[in-house]
Amino acid sequence: MWLEYALDKDNNPVSIKDVKRGRTNLRCPYCGRELIVKKGQIKKHHFSHVNEICNAISRKALVGLPLYDSFDLGLSPKYLEFLNEAWEQGKYQKYPNNPRIPLFLPVDVEPLEEIGVFRWNDWRRMSEFTKLGKIVVGGLSLNLFNQEQELRLKSRLEFLEEQIIKSKSESASEDLSYAITDYRLYREQYRKILRASLYFFEIKADNGISHKIGVTFGDIEQSISEIKLDLNQHFDTVSIKGLGFWSNRGNIEYYFQHRYQAFNYSLGNNASYFKFDDVKPVLRDLRRMKPKQLCEREREILEDKALDKVLLSLYIRHGMQKSEAHIGRPLAQRESTEKFLAKPKNQVVIAVLKKGLSLRQTASEAGVSVNTVRKVKAALEQNRDP
Ligand SMILES: [Zn+2]
């Protein structure tokens with residue numbers, strides 16, 4: 001796996017996107033060792049260990065957000081090219097949203113059906129794009145994309161939870177510690193997209209009208225003035241108008257860039273500026289998105305509850321609190337009861353109790369209060385229980 005998060009000195013996760021290349025004082029979330037930032041042209045940007053092998057990183061782990069910043073599903077360029085062509089051809093057909101897939105394909109179509117990019121339509125007697133397939137080519141509307149991605153976001157969260165439960169019940173401590181870190185890093189990314197609000201701006205500058213998509217974690221006015229400052233390096237006059245703002249929608253930024261990449265125009269190394277021939281369909285696409293409804297789990301992620309509390313409630317949900325309780329609290333309680341009974345004064349009380357006298361008589365013979373006899377008796381009974 002590519003390590004995309006590291007820990008700072010306060011143990012907070014830092015994203016690869018927020019650091020410059022080269023040496024850092026950040027540490028590996030799994031093994032705690034030193035990391036350097038690799039930002040090259042070919043491989044995905046990642047943190048790398050300095051001359052060391054990290055067992056955690058050599059595993060295959062799914063800690064990235066599904067369909068967040070990559071949409072090729074790991075397909076080879078040959079397949080991607082074929083898919084894009086098939087989709088493009090749809091524009092000239094009767095059903096552009098369901099283009100005719102040629103019967104004789106330059107590629108073997110079976111793997112595409114296996115990963116769910118195509119499905120066989122018995123009525124049309126041909127393969128067609130699934131929603132997932134449309135995501136690969138950027139053909140799925142933003143609203144439907146949200147629904148598809150949301151399902152996957154949640155099921156990966158559940159998958160990572162299952163990994164924790166599995167390694168915990170198998171008492172595999174190394175696996176458990178990796179699984180917890182995987183889960184933590186995933187939640188951190190999830191939190192980030194939930195915290196973010198999506199914006200869509202119209203920008204008027206010397207070169208005409210353009211548009212910008214982006215996310216903000218705070219004040220929209222501040223974002224506007226930051227963008228203005230940035231654009232003033234390129235243009236004399238800049239004015240910005242907000243066309244839309246969507247809370248908890250950080251998940252859509254990269255898919256938008258992917259879907260509308262044909263209209264992208266680069267300004268420096270920023271991929272978020274666009275020049276549309278007609279912006280109306282784009283606005284419709286954006287405005288059809290339903291407001292994000294946070295489920296209970298997402299609300300919990302947004303609150304950023306401490307990890308040990310999150311894990312505890314996870315164990316409780318999976319019925320693991322009972323075994324926890326058996327080796328946990330009662331053991332400590334039993335120890336303190338034993339200590340209490342071992343006191344010399346209480347040993348005398350125990351000896352007298354064996355004679356079978358009343359509480360009052362026992363108290364008088366042992367030279368203690370009735371209340372003490374009661375406590376000793378209760379402690380003896382408690383200790384007898386398994
Ligand atoms: Zn490591």
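Each ligand, and each atom within it, is numbered from 1 in the order the structure gives.
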Indicate yes or no: does R297 engage E161 in a salt bridge with an N to O separation below 4.0 Å.
yes

Where does the angle between the aromatic ring planes of F274 and Y260 fall among parallel (under 30°), tilted (30 to 60°) and perpendicular (over 60°)?
perpendicular

Could you grab the protein N, O or S atoms closer than 2.8 Å to the Zn ion (ligand 1) for me?
C28 SG, C31 SG, H49 NE2, C54 SG

Between K212 and D230, is there a salt bridge with N-O shorter than 4.0 Å?
no

Fit a plane to each ring of Y255 and F71, take the angle between them on a 0 to 90° scale, and name the class: parallel (under 30°), tilted (30 to 60°) or perpendicular (over 60°).
perpendicular

Side-chain H-bond candidate by donor/acceptor type, Y30 with N55, under 3.5 Å
no

Is the closest side-chain donor-acceptor distance between E226 and Q222 under 3.5 Å?
yes

